[in-house]
Amino acid sequence: MGEQKDVLYEHQQEPRPASAWVTRQLTLAVDCAIAGLVCVLLFLWHGFGAWTMGLGTFVGIPLLLIAMALYISAVITDLKTRGAL
Amino acid sequence: MSRLVFILLTILMEVGSCASSTQAAGTGDMVTSVAVFRAIGIAAALVGIALLFLVQYVYRSRLSHGMYHRLLLIGVFLLPLATTWSTSATVMEGTKSVEACNSCHVMHPFVNDMTNPTSPTLAARHYRNNWIAKDQCYACHVTYGITGTLEGKRDGFRHWVHYITNTYPDPIRFVGSYDNANCLACHQQTEKWSRVNSHRALLGEFATDRIACITCHGPPHPLPKERRAQQP
């Protein structure tokens, strides 16, 4: 009975904080995503122009893809650390 | 948390109304697919920037672990995915327009000539008579066939690199050969084209590009000398 209570208590706990590596990856992903979204926004708002299109397409989108990859990597690392994967 | 949702919803509503009014004003109330993709991209990018900034730098300490990760899923994954999709669609569709070609100054003499109602060039005659309803540059300069679009985008990228690195001759010159298939894709099906004896006699030569259509029907655009004369 006492063991069951302990198990229940453990499940109700706030999840353990993520490791420093995961936190760093997530912070980097957020910064990349903000920078990428700003570049893409400049292009979409301004319209077709040599520099804005280059900035949006060849800088903004790669930054967004890096952000998404970092996010996925951070989630997988976090889940592995917690033994869920 | 409710304040965060309220801020984001307000941004989304403002952007939606602003984008739709801008598009309607710009295209005479005709909403094109490019305008829709662009509006979606602008809305997703603005909401994404605001969400990530607020979550990461303003409310992070006040958010629970679960809520922080759920908001990051939206801000770092779903909204960038939507923005990437809408931007790619805007670029793929938008670069077909005459306005997109005309956004580089080297193209101004070509577009000015094409839209000139008295110009005798092939491009101007096609434009004036509405033989190609829209995206006139793209219709003639992208090879018909399965790889045509890819080749068009590759060439567009090459032109863009030359433009921003300032490594192009001015006035520009067409390098390579023009594929007759681009003309024949429309003209070969018409009775008017088939009635011309020389067309029927030279069909094999046209198919292999040994004789170009513009040998008899050119010039398609003003010559470099004429374009140089037009420049201020």
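These numbers come from a predicted model, not from an experiment. Letters A, B, ... mirror the listed sequences (proteins, then strands); counts begin at 1.
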Practice item. Between chain B and each of Ala50(A), Ala33(A), Cys32(A), Ala29(A), count heavy-atom pairs under 4.5 Å; write down the option with the most. Key: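 Among the listed options, the one with the most contacts to chain B is Ala50(A).
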
Check your understanding: Relative to chain B, which of Gly54(A), Gly47(A), Ala67(A), Ala35(A) shows the most heavy atom pairs under 4.5 Å?
Key ->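 Most pairs with chain B among the choices: Gly54(A).
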
Exercise for review: Check the angle between the aromatic planes of Phe157(B) and Phe58(A) and answer parallel, tilted or perpendicular using the 30° and 60° thresholds.
Suggested key: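 Perpendicular, since the angle between the ring planes exceeds 60°.
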
Exercise for review: Between chain A and each of Leu79(B), Val161(B), Thr95(B), count heavy-atom pairs under 4.5 Å; write down the option with the most.
Suggested key: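 Highest number of heavy-atom pairs under 4.5 Å: Thr95(B).
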
Check your understanding: When only pairs under 4.5 Å are counted, which of Ser86(B), Gly94(B), Gly41(B) shares the most heavy-atom pairs with chain A?
Key ->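 With the most close heavy-atom pairs to chain A, the winner is Gly94(B).
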
Identify the two heavy atoms, one from [X] and one from [Y], that lie closest to each other, and give their separation to 0.1 Å.
X: Phe77(B); Y: Met68(A); answer: O-SD, 3.8 Å
X: Ile34(A); Y: Phe53(B); answer: CD1-N, 4.1 Å
X: Val91(B); Y: Phe48(A); answer: CA-CZ, 4.2 Å
X: Leu64(A); Y: Pro80(B); answer: CD2-CB, 3.8 Å

Review point. Hey, what do you get for NE2 (His69(B)) to OH (Tyr71(A)), rounding to the nearest 0.5 Å?
Key: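 These two atoms lie 7.5 Å from each other.
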
Check your understanding: Nearest 0.5 Å, what's the CH2-CD1 distance between Trp51(A) and Ile164(B)?
Key ->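 Answer rounded to 0.5 Å: 4.5 Å.
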
Pick one of side chain, backbone, both or neither for [X], based on which atoms fall under 4.5 Å of a heavy atom in chain B.
X: Leu70(A); result: neither
X: Val40(A); result: side chain
X: Val75(A); result: neither

Check your understanding: Looking at Leu37(A), Ile61(A), Leu41(A), which hits side chain to side chain contact (heavy atoms under 4.5 Å, CB included) with Thr83(B)?
Key ->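 Option passing the side chain to side chain contact (heavy atoms under 4.5 Å, CB included) with Thr83(B): Leu37(A).
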
Can you tell which part of [X] gets under 4.5 Å to a heavy atom of chain A, answering side chain, backbone, both or neither?
X: Phe37(B); result: neither
X: Ser97(B); result: neither
X: Tyr163(B); result: side chain

Heavy atoms of other groups near [X] [atom1], more than 12 under 6.0 Å:
X: Arg173(B); atom1: CZ; answer: no
X: Trp21(A); atom1: CH2; answer: no
X: Lys153(B); atom1: NZ; answer: yes

